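Structure first, then comments.
Fair warning: this is a prediction, and the values are worked out from it, not measured in the lab.
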Amino acid sequence: MATSWVNSAERIGSDLHLELTGPGGRRAALIRALREAVRSGRLAPGTRLPPYRSLAADLGVARNTVADAYAELVAEGWLTARQGSGTRVAERAEPLRPAARVPRKAPPRARGPRHDLTQGTPDASSFPRTAWLASYRRALQQAPNEVFGPGDPAGRIELREALTQYLARARGVRTEPGRIVVCSGFAHALRLLFGGGVLRGPLAVEAYGLGFHREVLAAAGVRTVPLPLDEHGARVDRLGRERAVLLTPAHQFPTGGPLHPARRAAVIDWARARGGLVLEDDYDGEFRYDRKPVGAVQGLDPEHVVHIGSVSKSLSPAVRLGWMVLPERYVDAVLAVKGDREAWASVLDQLSLADFVASGAYDRHVRRMRQRYRGRRDRLVAALAEHAPHIEATGIAAGLHAVLRLPPGSEASAVKAAAWQGIALDGLAAFRHPDTDMPAGDGLVVGYATPPEHAYGPALEALCRALPPP
């Protein structure tokens, strides 16, 4: 393969000859040709390259071929791409000088994205340090000596009592301290339930969800069977011979929206009829903005639902604390898997969280963050209305993220364009179960909780620049 191209002076200011030769197809050949042009000095630092549409037309290749080549060279540091100034040769890219021998320098550290819009994490700068420190001091001062010995595998009774009251009041959970087992988060709960053989597969799951959770289940030898989704949540009428189902009924992750009341009742009927079990991932259940609170499914039948929660979204993923509210028949089996000594969850952190909840500081923090995240959600919607009115944001009545619905076939290029803008985010396809027959939809999953307050405005501006045109 050999293709030559001579561009006009109007595009980059001087004629340039490129030879597209060698193995690997046109994309690889174009990357090699541009890299060599920069290395040799034929493309000087600061030189503006033609838009990828123009270059694709001149070369007779697909636009995606040029776009991918530009993206790779930007990632390698040969080129830079900024809105309004196009794609240019990086200022630090220097031509090859065979005669000059310069000492090798250590490669620069890879820099992270300028804007973090990934889902699943709260604003780290909003952690309530003062209130948490006060709870930690009170807990440490009041802790009995036994706290500093071997722990209870169920978790500290102080935390289980505080959770019993809080979950009943805020989430409609019906339980008692003896049916709560403290863990270090949702993934730890899955490992205890399935890795220890308390439950066995196959397990029905929603067609879209966290791939990490599927990996945890696969490592435990559990086959997952996807349930399709619609505007009312998971299609629980499609449940087959499985004995357990994992749902995010308060706010489906990542598509958004609560499980319809009729389906909540239907999945309980299914569990009762089959002797089955519903695993309820109470994903960001505290954060709702435009609708009334949705109580936990566990409240409908505590003996057929395992309610699993954590503080990773409401407080911080650095506080490695979560809980399982178990049907009575599973408590002893889970504790046997966990072992005689408390594993994973720090006893001092448990006591601190118990005080934090019992003192009302947790409620105050959640209310404050609910107001802040609602404001961020509103700013995202307003930015889309102004700069990209053709893009619809869904799943925004609750939670910490929105799904931006994109035209068919545009998701991959939008994710790549976001990376050019220095944005870290995920495409909707990243959460799709590999075995689902549910029709795919293109979208971006935008976490609006993650950036600190001062960085959120620039992140929205960069996001709007990355969205596909109408």
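- Summarising the geometry of Pro468 relative to Pro407, their closest heavy-atom pair is CG-CD, 4.1 Å, with the distance given to 0.1 Å.
- The distance from the CZ atom of Arg367 to the CZ atom of Arg370 is 8.0 Å, given to the nearest 0.5 Å.
- When side chains are defined from C-beta on, Met369 does not count as touching Pro122, because their heavy atoms never get closer than 4.5 Å.
- At least one side-chain heavy atom of Leu79 sits less than 4.5 Å from a side-chain heavy atom of Val89.
- Between the CG atom in Leu259 and the NE2 atom in His232 there is a gap of 10.5 Å [rounded to 0.5 Å].
- Glu206 places none of its side-chain heavy atoms less than 4.5 Å from the side chain of Leu227.
- Ring geometry, Tyr289 versus Tyr448: the interplanar angle falls from 30° to 60°, so the pair is classed tilted.
- Leu463 places a side-chain heavy atom less than 4.5 Å from the side chain of Leu425.
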**Request:** Could you please spell out the steps behind the side-chain contact (heavy atoms from CB on, under 4.5 Å) verdict for Arg320 and Asp349?
**Result:** CA-CA 8 Å; Arg320 301 303 306 154; Asp349 284 345; over 6 Å; no
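- Once rounded to the nearest 0.5 Å, the distance linking CG of Leu30 with CG of Leu73 reads 7.5 Å.
- Inter-residue side-chain proximity for His401 and Val446 is flagged as unmet; no heavy-atom pair is nearer than 4.5 Å.
- Between Asp435 and Arg214 there is no salt bridge, since no side-chain nitrogen of the basic residue lies less than 4.0 Å from a carboxylate oxygen of the acidic one.
- The shortest distance between side-chain heavy atoms of Asp281 and His307 does not fall below 4.5 Å.
- Aromatic ring orientation, Phe253 versus Phe431: perpendicular (interplanar angle above 60°, classes split at 30° and 60°).
- Looking at heavy atoms from C-beta onward, Leu203 lies out of side-chain contact with Glu242 at the 4.5 angstrom threshold.
- Taking the charged nitrogens against the carboxylate oxygens, Arg171 and Asp282 do have a contact shorter than 4.0 Å, which makes a salt bridge.
- Between Lys313 and Glu286 there is no salt bridge, since no side-chain N of the basic residue sits under 4.0 Å from a carboxylate O of the acidic one.
- The six-membered or imidazole ring of His213 lies near that of Phe186, with a centre-to-centre distance under 6.0 Å.
- Atoms CG and CZ, on Leu384 and Arg379 in that order, are 13.0 Å from each other to the nearest 0.5 Å.
- No salt bridge links Glu215 with Arg191; every basic N to acidic carboxylate O contact stays at or beyond 4.0 Å.
- Partner of Val278 under the side-chain contact (heavy atoms from CB on, under 4.5 Å) criterion, out of Val306, Val236, Leu247: Leu247 alone.
- Rounding to the nearest 0.5 angstrom, the gap separating the CZ atom in Arg129 from the OG atom in Ser316 is 10.0 Å.
- Salt bridge Arg376/Asp123: present, at least one basic N to carboxylate O contact under 4.0 Å.
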